[in-house]
Asks: 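Have a look at the structure that comes next, please.
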Amino acid sequence: MTAPGTRPGAPAVDSDDLDVEEALALVREPKDDNTTPRRRPPADGAGRPERHEATPWSQAREIAARVARSGVRRAPVSLPLGDALGLVLAAPVDALTDLPSFDTSAMDGWAVAGPGPWEVREERVLAGHAQPEPLTDGEAIRIATGARIPADTTAVLRTEHGRTDAQGRLHATRDIVHGQDIRPRGQECRNGDQLLPVGTLVTPAVLGLAAAAGYDTVTAVPRPRVEVLVLGDELLTEGLPHDGLIRDALGPMLPPWLRALGADVVAVRRIGDDARALRKAVTGSGADLIVTTGGTAAGPVDHVHPILERIGAELLVDGVKVRPGHPMLLARTKDNQHLVGLPGNPLAAVSGLLTLAEPLLRTLAARPAPEPYTLPLRDAVHGHPYDTRLIPVVLRGDRAVPLHYNGPAMLRGIAAADALAVVPPGGARQGEEAELLDLPWAAAGIGVCFT
């Protein structure tokens with residue numbers, strides 16, 4: 001068990017002796033599970049599907065990750081540094097030069113040669129300028145941080161550690177040693193050193209290191225392309241609810257959430273309850289993942305299951321033992337395409353997003369699975385007799401505090417949450433450790449979602 005309050009980082013990957021595919025495989029989940037595709041069970045005499053066993057929550061997540069690994073290999077892409085944030089390296093970053101590439105001053109002050117006191121030259125040495133003439137013993141010259149060190153320099157004397165006398169000679173106010181405050185060429189790396197292995201997540205610091213090492217582009221695993229299909233004739237896109245119509249919460253919520261999960265949302269389409277339009281949208285999509293909202297149950301206008309059956313899709317997960325979100329599904333529509341069907345209730349849709357879409361997208365993007373972590377619950381949480389529950393919580397010190405307003409149609413709780421607590425069947429006692437699923441913006445701030 002991870003110590004309370006800790007969030008372990010991704011495992012290090014050493015790719016010295018690995019090819020791209022082998023190295024990327026190291027950062028993906030290695031779990032085994034049964035991912036045998038299954039068709040929708042045949043209908044009984046009343047025209048309703050026969051009852052089937054829903055998939056346990058943890059197994060559903062494993063299936064979603066594993067089916068993403070079994071698809072068509074996605075070719076790496078070369079991207080400018082500014083477009084690579086949040087992606088995973090598909091090729092190592094090797095130093096293209098020594099860093100630093102010349103001896104440089106680590107501080108503002110004077111470059112000095114030999115023992116003091118020193119006669120100070122009139123000129124200055126600035127960063128970005130040509131290397132000055134060599135120094136001779138007893139000479140000093142003003143130098144700026146990052147400037148090239150003159151030949152035969154003994155050390156750099158910091159500004160605050162030097163004084164000049166009435167004759168203009170420089171004296172040190174404390175002892176200095178040979179090489180002090182000089183960054184020698186190659187101190188950080190030598191040309192050809194591996195700086196970052198395959199499988200590294202591109203963070204702002206990674207971009208800075210790649211730029212310092214001479215890169216204009218990096219080779220990375222591309223973002224998975226996602227198309228969102230919003231179903232339901234009852235949904236309004238503006239104004240107040242009226243006459244049985246309600247505002248669409250998922251249309252505004254899902255695209256940025258999917259982007260925070262590392263996806264490239266290529267389209268958001270409103271289909272309504274039109275079965276023909278839904279079939280045309282699914283069969284015509286070129287996305288890696290199609291996400292639908294609503295229509296996954298067995299009501300008169302729930303068209304997702306019938307459409308999947310008609311197009312010959314393979315149901316991989318048909319219902320999950322989780323509340324909210326039980327009627328979610330995962331299907332393979334093509335060899336290189338999947339569909340995640342989310343329930344229509346907003347919090348149930350969030351549950352489906354984190355249960356099925358998150359592990360699938362993470363695996364497609366070759367991002368490592370986060371290490372599970374737990375915190376004790378400040379309050380007891382009622383459980384479902386047979387299913388896992390996902391409950392919005394806020395993190396307060398070393399405790400997870402369950403939030404109210406956690407019904408399947410409610411977003412008030414999740415809007416204030418830092419994470420979702422995984423509550424096993426039967427519930428959890430006060431103080432009991434619960435696994436937590438971080439929301440994608442909780443750790444870094446909503447403006448730093450690596451999208």
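Count residues from 1 along the sequence.
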Asks: Knowing that exactly one of His326, Gln59, His384, Glu53 qualifies, which makes a side-chain hydrogen bond (donor to acceptor under 3.5 Å, both in side chains) with Lys321?
Replies: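 Option passing the side-chain hydrogen bond (donor to acceptor under 3.5 Å, both in side chains) with Lys321: Glu53.
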Asks: Counting distance only, does the side-chain N/O of Arg247 pair as donor-acceptor with the main-chain N or O of Gly239 below 3.5 Å?
Replies: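 Pair found, side chain donor or acceptor close to backbone of Gly239.
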Asks: Nearest heavy-atom pair of Ala249 and Pro346: which atoms, and what distance?
Replies: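 Looking at all heavy atoms of both residues, the closest pair is CB-CG, 4.3 Å.
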Asks: Within a reach of under 6.0 Å around OH of Tyr405, are more than 12 heavy atoms found that belong to other residues, nucleotides or ligands?
Replies: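 Open.
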Asks: Quick check: does any side chain N or O of Arg389 sit under 3.5 Å from a backbone N or O of His382, one acting as donor and the other as acceptor?
Replies: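 At least one qualifying donor-acceptor pair exists.
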Asks: Flag the pair Thr237 / Arg270 as yes when at least one side-chain heavy-atom distance between them is below 4.5 Å, and no otherwise.
Replies: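 Side chain of Thr237 against side chain of Arg270, heavy atoms only: contact under 4.5 Å found.
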Asks: What residues, two or more places apart in sequence or in another chain, satisfy side chain to side chain contact (heavy atoms under 4.5 Å, CB included) together with Pro327?
Replies: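 Only Thr296, Pro343 meet the side chain to side chain contact (heavy atoms under 4.5 Å, CB included) criterion with Pro327.
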Asks: For Arg74 and Pro222, indicate whether the former's side chain and the latter's backbone hold a donor-acceptor pair under 3.5 Å.
Replies: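 It does hold such a pair.
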Asks: Does the side chain of Asp438 come within less than 4.5 Å of Pro370's, by heavy atoms?
Replies: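 Heavy-atom side-chain distance check fails, nothing below 4.5 Å.
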Asks: Hey, are the side chains of Ile149 and Ile143 touching, using non-hydrogen atoms and a 4.5 Å cut-off?
Replies: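 Contact flag for Ile149/Ile143 side chains = yes.
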Asks: Checking side-chain hydrogen bond (donor to acceptor under 3.5 Å, both in side chains) between Thr145 and each of Asp108, Asp181, Thr104, which is the one that passes?
Replies: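 One option only clears the test, and that one is Asp108.
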Asks: I'd like to know whether NE2 of His242 has more than 12 heavy-atom contacts from other residues, nucleotides or ligands below 6.0 angstrom.
Replies: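 Atom NE2 in His242 is packed in, count exceeds 12.
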Asks: Could you measure the distance from the CG atom of Asp273 to the CG atom of Asp302? Nearest 0.5 Å is fine.
Replies: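 One finds 8.0 Å between CG of Asp273 and CG of Asp302.
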Asks: Distance-only check: which donor-acceptor pairs under 3.5 Å involve side-chain atoms of residues 348-359, not counting sequence neighbours?
Replies:
{"from": "Ser351", "atom 1": "OG", "to": "Pro324", "atom 2": "O", "distance (Å)": "2.7"}
{"from": "Thr355", "atom 1": "OG1", "to": "Trp57", "atom 2": "NE1", "distance (Å)": "2.9"}
{"from": "Thr355", "atom 1": "OG1", "to": "Ser351", "atom 2": "O", "distance (Å)": "2.7"}
{"from": "Glu358", "atom 1": "OE1", "to": "Arg362", "atom 2": "NH2", "distance (Å)": "3.1"}
{"from": "Glu358", "atom 1": "OE2", "to": "Arg362", "atom 2": "NE", "distance (Å)": "2.9"}

Asks: Check the surroundings of atom CZ in Arg412: do more than 12 heavy atoms from other residues, nucleotides or ligands lie under 6.0 Å from it?
Replies: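 12 or below, so no.
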Asks: Side chains of Leu360 and Leu330: closer than 4.5 Å at any heavy-atom pair?
Replies: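 Yes, at least one pair of side-chain atoms sits under 4.5 Å.
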Asks: At their closest point, which heavy atom of Gly427 faces which heavy atom of Glu432, and how far apart are they?
Replies: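 Shortest heavy-atom contact: O-OE1, 4.5 Å.
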Asks: Which of these passes side-chain contact (heavy atoms from CB on, under 4.5 Å) with Val393: Asn406, Leu436, Val381?
Replies: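 Going through Asn406, Leu436, Val381 one by one, the side-chain contact (heavy atoms from CB on, under 4.5 Å) with Val393 is satisfied by Leu436 alone.
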Asks: Taking all heavy atoms of Val266 and all of Ala287, pick out the closest pair and write down the distance.
Replies: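 That closest heavy-atom pairing would be CG2-CB, 4.5 Å.
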Asks: Pick out which of Arg223, Lys334, Arg225 makes a salt bridge (charged side-chain N to carboxylate O under 4.0 Å, His left out) with Asp288.
Replies: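 The passing option is Arg225.
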Asks: Assess whether side-chain contact (heavy atoms from CB on, under 4.5 Å) is satisfied between Leu339 and Leu229, documenting all intermediate values.
Replies: CA-CA 10 Å; Leu339 181 146; Leu229 306 181; 5.7 Å; no
Asks: Would you give the length of the straight line joining atom CD1 of Ile391 to atom CG of Leu347, rounded to the nearest 0.5 angstrom?
Replies: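 One finds 8.0 Å between CD1 of Ile391 and CG of Leu347.
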Asks: Does Leu231 reach the side chain of Val304, with side-chain heavy atoms less than 4.5 Å apart?
Replies: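 Yes. Closest side-chain heavy atoms under 4.5 Å.
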Asks: Is Ser70 reaching over with its side chain to a backbone N or O of Val67, donor-acceptor style, under 3.5 angstrom?
Replies: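 Checked: pair present.
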Asks: Rounded at 0.5 Å granularity, tell me how far CD in Glu314 sits from CG in Leu308.
Replies: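 One gets 11.0 Å once the value is rounded to the nearest 0.5 Å.
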Asks: Between Leu439 and Ala417, what is the shortest heavy-atom contact and its length?
Replies: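 Looks like CD1-O, 3.5 Å.
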Asks: Could you tell me which non-hydrogen atom of Leu89 sits nearest to which non-hydrogen atom of Leu196, and how far apart they are?
Replies: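 Looks like CD1-CB, 3.8 Å.
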Asks: Quick one: does any side-chain atom of Asp193 pair with a main-chain N or O of Arg190 as donor and acceptor, under 3.5 Å?
Replies: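 It does hold such a pair.
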Asks: Please tell me if the side chains of Pro224 and Leu289 come closer than 4.5 Å, counting only heavy atoms from C-beta onward.
Replies: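 Heavy-atom side-chain distance check fails, nothing below 4.5 Å.
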Asks: Measure from the side-chain N and O atoms of Asp274 to the backbone N and O of Arg276, and report whether any donor-acceptor pair falls under 3.5 Å.
Replies: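 At least one qualifying donor-acceptor pair exists.
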Asks: Mind listing the closest non-hydrogen atom pair of Ala147 and Ala127 along with its distance?
Replies: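 The pair with the smallest heavy-atom distance is CB-N, 3.6 Å.
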Asks: If you measure from CG on Asp94 to CD on Gln194, what distance do you get to the nearest 0.5 Å?
Replies: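 One gets 5.5 Å once the value is rounded to the nearest 0.5 Å.
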Asks: Report the C-alpha distance between Leu201 and Val206 in whole Å, list the side-chain angles of each, state the deciding distance to 0.1 Å, and finish with yes or no for side-chain contact (heavy atoms from CB on, under 4.5 Å).
Replies: CA-CA 8 Å; Leu201 179 67; Val206 165; over 6 Å; no
Asks: How many angstroms lie between CG in Leu375 and CZ in Arg396, if you round to the nearest 0.5 Å?
Replies: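 Reported to 0.5 Å precision, the distance equals 12.0 Å.
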Asks: When Leu250 is tested against each of Val228, Thr293, Val291 for side-chain contact (heavy atoms from CB on, under 4.5 Å), which residue passes?
Replies: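 Only one option passes, and that is Thr293.
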Asks: Take Ile271 and Val230 through the test side-chain contact (heavy atoms from CB on, under 4.5 Å) and record every step on the way to the result.
Replies: CA-CA 6 Å; Ile271 303 299; Val230 181; over 6 Å; no
Asks: In the structure I gave you, are the side-chain heavy atoms of Leu79 and Thr217 within less than 4.5 Å of one another anywhere?
Replies: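 In short, these two side chains do not touch, never coming nearer than 4.5 Å.
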Asks: About how many Å separate CG of Leu207 and CG of Leu85, when rounded to the nearest 0.5 Å?
Replies: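 The CG atom of Leu207 is 5.5 Å from CG of Leu85, to the nearest 0.5 Å.
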Asks: Check step by step if side-chain contact (heavy atoms from CB on, under 4.5 Å) holds for Arg61 and Val320.
Replies: CA-CA 10 Å; Arg61 284 173 58 79; Val320 177; over 6 Å; no
Asks: Do Thr388 and Pro425 make a side-chain contact, defined as non-hydrogen atoms from C-beta onward lying under 4.5 Å apart?
Replies: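 Yes. Closest side-chain heavy atoms under 4.5 Å.
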